[in-house]
Amino acid sequence: MKNRKLWGGRFDAPTDAFVEEFNASIDVDARMYREDIEGSRAHARMLGRQGILSEEDVRRILAGLDEIEREIERGELEFTVALEDVHMNIEARLTEKIGDAGKRLHTARSRNDQVATDMRLYLRRRLDELARRIRALQSALVALAETHAETVMPGFTHLQTAQPVTLGHHLLAWVEMLERDAARLADARARMNQCPLGSAALAGTTFPIDREATAAALGFDGPCRNSLDAVSDRDFVMEILAGAAICAIHLSRMAEELILWMSAPFGFIELPDAFCTGSSIMPQKKNPDMPELVRGKTGRIVGGLMAMLTTMKALPLAYNKDMQEDKQAVFDACDQLEGCLRVFAEMLPGMTVNRERMRAAAASGFSTATDLADALVRDGVPFREAHAIVGRSVAWCIEHGCELHEMGADACAAIDPRLRPEMVRALSVEASVAARDHVGGTAPAQVRAQCACWRHRLQAAERQGKTGAR
Ligand code: ARG
């Protein structure tokens, strides 16, 4: 034979050496070996039950696959680009071990339905891991939020001091963002959980296969309904990348705030030494490298999404080799996102908070101005007028270098007779947050109630132990 490939029968010449390397995906897809073997087991058992393979062949195949799995786990099986991908590396090894039975495994199957199945199985496992990581980070944040249910900090809009909020409330906002991330990935997982096996190359197979059986054996909800779609669909890769990108963007926003809060001008928090680094020249430096790196990883993950969308654009049905490029970005996104979630979940419990600095910052910038306007409104002043009265009060304070609660009776009377001195005296950041005591508000009581709900939810999710169950 002039070409010794598994598919070499119709070829006159061997593959060009560089093409062999360029064409190969083994470096990237080797990590799906477990799923590839799992899929082969299910396929072989089904072929046996359907009388397509003999019991003896199935027995040999299963024993051979067990051995190969052990070899790979022990690092004994050397993969080669000459065999292109994980599917052919394993199949060739099987044939080497068990002879003809190994050559029969590919009956009623193609690498096209094989790789589509492996990808879904592999990514399903990764999504479950990501779900666990998201939950762990949420738990860390909820614990911190409980500790800081009453800690007052400035709330910002336009990064300008707006109104006082509680740190616990701010942290719970992050928990909400992560919850949507988890839900998006769970959604992708649920939609992806259909089995391509049996679609073969594109049109199905002439053998009497049982697709329900292989789907069930592999934990899928059922077989994909259309063979052309099954082998050419990579929506699930795009969806996972999109979900990962949005989650990474959320993490980058948290990262940015941590970085700001740890800067000397803010001085709100300190991150633990174990998660920071120093400077080789400036002895005083303690840099928040972990949040910075998490912020930086976002580019890589978002880039992966763009790459995958572009790869799939305008591809005709069914399988095209372009689709071999579906793996690197999504695997990398899973790896990097998992790392980001892990480092935050492990770092945040060690974060220390400078309550005095936070409170002082919250009290500056006339952050209780809205509360004063609300007090006027409660006396019957229309809100727009109240807004103007408080605006004049702020101008007066700026001119006289004082805070709203320091305004005397004369000043109040001069600005507007409806502005009562008791109103300004009652202003404080504590009163401000405590007054926002409704569902979704920043009051300590609300934060505590939300924390209790989250503990409950997160524990329930842990018990279910599965993204799909969220
Ligand atoms: N390594 C290939 C991939 O990842 C497997 C499928 C190859 N199929 C084919 N018809 N060449 O896409």
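Start at 1 and go down the list; that is how both ligands and their atoms are numbered.
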A.B. asks: Only distances under 3.5 Å count here; give the side-chain donor-acceptor pairs of residues 142-153 to other protein atoms, sequence neighbours excluded, each with its distance to 0.1 Å.
C.D. replies:
unit_1, atom_1, unit_2, atom_2, d
Glu146, OE1, Arg455, NE, 3.0
Glu146, OE1, Arg455, NH2, 2.7
Glu146, OE2, Arg455, NE, 3.0
Thr147, OG1, Ala143, O, 3.1
His148, ND1, Thr151, OG1, 2.7
Glu150, OE2, Arg448, NH2, 2.6
Thr151, OG1, Arg355, NE, 3.4

A.B. asks: Return each pair, listed once, that meets side-chain hydrogen bond (donor to acceptor under 3.5 Å, both in side chains) where at least one residue sits in residues 296-309; pairs must be two or more places apart or across chains.
C.D. replies: Lys297-Gln336, Arg300-Asp332
A.B. asks: Output, or 'none' if empty, a list of ligand 1-protein atom pairs in which both atoms are N or O and the distance is under 3.5 Å, rounded to 0.1 Å.
C.D. replies:
unit_1, atom_1, unit_2, atom_2, d
ligand 1, 1 (N), Ser25, OG, 3.1
ligand 1, 1 (N), Asp85, OD2, 2.9
ligand 1, 1 (N), Gln324, OE1, 2.9
ligand 1, 4 (O), Lys327, NZ, 2.4
ligand 1, 8 (N), Asn112, OD1, 2.9
ligand 1, 10 (N), Asn112, OD1, 3.1
ligand 1, 12 (O), Tyr319, OH, 2.4

A.B. asks: Check whether Asn3 reaches the backbone of Ala13 with its side chain - one donor and one acceptor, N or O, closer than 3.5 Å.
C.D. replies: yes
A.B. asks: Hey, are Gln114 and His43 close enough side-chain-wise for a donor-acceptor pair under 3.5 Å?
C.D. replies: no
A.B. asks: Knowing that exactly one of Asp36, Thr214, Asp66 qualifies, which makes a side chain to side chain donor-acceptor pair (under 3.5 Å) with Arg41?
C.D. replies: Asp66
A.B. asks: For Asp229, enumerate each residue passing the side chain to side chain contact (heavy atoms under 4.5 Å, CB included) test, keeping only those at least two apart in sequence or located in another chain.
C.D. replies: Asn226, Asp233
